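Structure, as structure tokens:
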Protein chains: 2
Amino acid sequence: MLTQSEENYLKAIFALSEQQTEIVSTNLLSEKMMTKPSSVTDMLRKLADKSLVSYLKYQGCELTDKGKDYALQIIRKHRLWEVFLVEKLNFGWEEVHEIAEQLEHIKSSKLTDKLDAFLHYPKVDPHGDPIPDKNGNFSNDQKTKQLSFSNINDEVVITGVEDGSIEFFQFLKHCEIGLGTKVKIIAKYNFDQSVLILLNEKEIVLSELVSQKIYVQ
Amino acid sequence: MLTQSEENYLKAIFALSEQQTEIVSTNLLSEKMMTKPSSVTDMLRKLADKSLVSYLKYQGCELTDKGKDYALQIIRKHRLWEVFLVEKLNFGWEEVHEIAEQLEHIKSSKLTDKLDAFLHYPKVDPHGDPIPDKNGNFSNDQKTKQLSFSNINDEVVITGVEDGSIEFFQFLKHCEIGLGTKVKIIAKYNFDQSVLILLNEKEIVLSELVSQKIYVQ
DNA sequence: ACTATTTTTTAGACAAGTCTAAAAAATAGT
DNA sequence: ACTATTTTTTAGACTTGTCTAAAAAATAGT
């Protein structure tokens, strides 16, 4: 049984090795965890002792299969709780991350599975991120294409958004942008890479950064 | 913001000063917390520093108003989560306590209030224990009269059960004894203080101990 | 290839929450 | 009231997860 801190490290290593590099460096991990590199070194030795990561001095770390399974279970719990908070308790997108960070550490696989069933086995969380099943399997086809790559006159459906700041989520809420929202690309401006879209009969300009944080299909 | 351990001490002090004595001794608390008395002394000094308990060396402790409020919020969360687990996720009575022990430490009063609303503001948890409202108020009329005090031919409704072992809850489940169950007292045996009851057309003998752990009205 | 810089580790420290062993205070028995 | 027992506290230690400062290894610049 792992501590919350150990679980948070596993989750961070998993996320970094997906987004960035296969092998995660001590410094990168220390930034993500908002701790000092020396603290990371200590933790990596502990996780290596438990066969959750493979770690070689000065070379960085990588999750073992066991570590990856464990990380996926935490991610599963996090995303299921996010669905619960948004769909059942009517929380806003921007509020759920922090609470799910706490709920993901509750230890009871029976609880997780019953929650999964209660929510009718959702495939994605409120941000469009895929939810691993009981065995850690998931299909990741929601967040493949950024809105910024769409062409003029394309009519697309929003399938995901990048996990970002509270302000970013509040902006999306203000624009009425959510999963499943249909938008049409009206224009793309080369001078600042912004995109003009049509959404619910309103025209909205999305900055380059925003258009890269929204995924469509 | 308190740690889980501090919260658990507050909860234990609250429970003991309700069930046993106004002022809780170090030894009694150490038994309840399953720690050594020396650990309790340390913690009491810490809680006294935070004005959550009043504590005098060698004399025991008592919750301050602030400590009582805090304890009631934890109890509120615990019991709301128990209702959620039983009513929404179909957990059995006997399984929910351990999970609720974890969930009660999730920090978000907004979550607690939204959960309360989602469950339609329940007044009691699955064991018949009252759920404090947002302000810590609750009415305690569910668990006043033990089944053992009922008289022959009384027809009563079960309003609560004492929080007990997993085996005790499994026994209740097997007998189909739940909150709201109607029973009729058929006989009381003086030789062992057991009670014979009629429940769903079946006759069941309840031992003295069991009849004292069931509350009726 | 050698030095300068960056990255990572080691060594020693600290707070929280626990323990054991010993001392001090309170309580009980006669 | 005095001693024996019980209760409670103190003192010192250990673990977890963190830190700072210094040392060691790896990387980059010319």
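Just so it is clear, the structure is predicted and the values come from calculations on it, not from any experiment. So you know, we letter chains A, B, ... as the sequences are listed, proteins then strands, and number each from 1.
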Could you please name the option among [options] that lies closest to any side-chain atom of [X]?
{"X": "A:Lys36", "options": "C:dT8, D:dT20, C:dT18", "answer": "D:dT20"}
{"X": "B:Tyr58", "options": "D:dC19, C:dC19, C:dA25", "answer": "C:dA25"}
{"X": "B:Pro37", "options": "D:dT9, D:dT18, C:dT10", "answer": "D:dT9"}
{"X": "B:Tyr55", "options": "D:dT10, D:dT9, D:dT7", "answer": "D:dT9"}
{"X": "B:Ser38", "options": "D:dT20, D:dA26, C:dA21", "answer": "C:dA21"}

Whom does [N] pair with, Watson-Crick or G-U wobble, provided both distances fall under 3.5 Å?
{"N": "D:dA25", "result": "C:dT6"}
{"N": "D:dT30", "result": "C:dA1"}
{"N": "D:dA11", "result": "C:dT20"}

Inset, instruction - Please name the pair of heavy atoms, one in B:Leu111 and one in B:Ile106, separated by the smallest distance, quoted to 0.1 Å. - result: CD2-CG2, 3.6 Å
Legend entry - Heavy-atom pair with the smallest gap, counting every atom of B:Lys134 and B:Gln73: O-NE2, 3.2 Å
[X] [atom1] to [N] [atom2], straight-line distance once rounded to whole Å:
{"X": "A:Met43", "N": "C:dT8", "atom1": "CE", "atom2": "P", "result": "17 Å"}
{"X": "B:Met34", "N": "C:dT18", "atom1": "CE", "atom2": "P", "result": "12 Å"}
{"X": "B:Glu7", "N": "C:dA16", "atom1": "CD", "atom2": "C1'", "result": "15 Å"}
{"X": "A:Asn27", "N": "D:dA26", "atom1": "CG", "atom2": "P", "result": "15 Å"}
{"X": "A:Glu31", "N": "C:dT6", "atom1": "CD", "atom2": "C1'", "result": "13 Å"}
{"X": "B:Arg45", "N": "D:dT8", "atom1": "CZ", "atom2": "C1'", "result": "12 Å"}
{"X": "B:Leu56", "N": "D:dT9", "atom1": "CG", "atom2": "C1'", "result": "14 Å"}
{"X": "A:Leu44", "N": "C:dT10", "atom1": "CG", "atom2": "C1'", "result": "15 Å"}

Legend entry - Residue whose closest nucleotide on DNA chain D lies nearer the 5' end, B:Val40 versus A:Gln4: B:Val40
Legend entry - Of A:Tyr9 and A:Gln59, the one whose closest DNA chain D nucleotide lies more 5': A:Tyr9
Inset, instruction - Classify the angle between the aromatic ring planes of A:Phe84 and A:Trp81 as parallel (below 30°), tilted (30 to 60°) or perpendicular (above 60°). - result: perpendicular
Inset, instruction - Anything under 30° is parallel, anything over 60° is perpendicular, the rest tilted; go ahead and classify B:Trp93 against B:Phe169. - result: perpendicular
Heavy atoms only, 4.0 Å cut-off, all strands: where does [X] land among base, sugar-phosphate and nothing?
{"X": "A:Ser39", "value": "base"}
{"X": "B:Thr35", "value": "sugar-phosphate"}
{"X": "A:Thr26", "value": "sugar-phosphate"}
{"X": "A:Ser5", "value": "sugar-phosphate"}

Legend entry - Within 45° cone and under 6.0 Å: B:Lys88 NZ/CZ vs B:Phe118 ring: yes
Legend entry - Distance below 4.0 Å between B:Lys57 side-chain N/O and D:dT7 OP1 or OP2: no
Inset, instruction - Give a yes-or-no answer on whether the side chains of B:Gln170 and B:His174 include a donor-acceptor pair shorter than 3.5 Å. - result: no
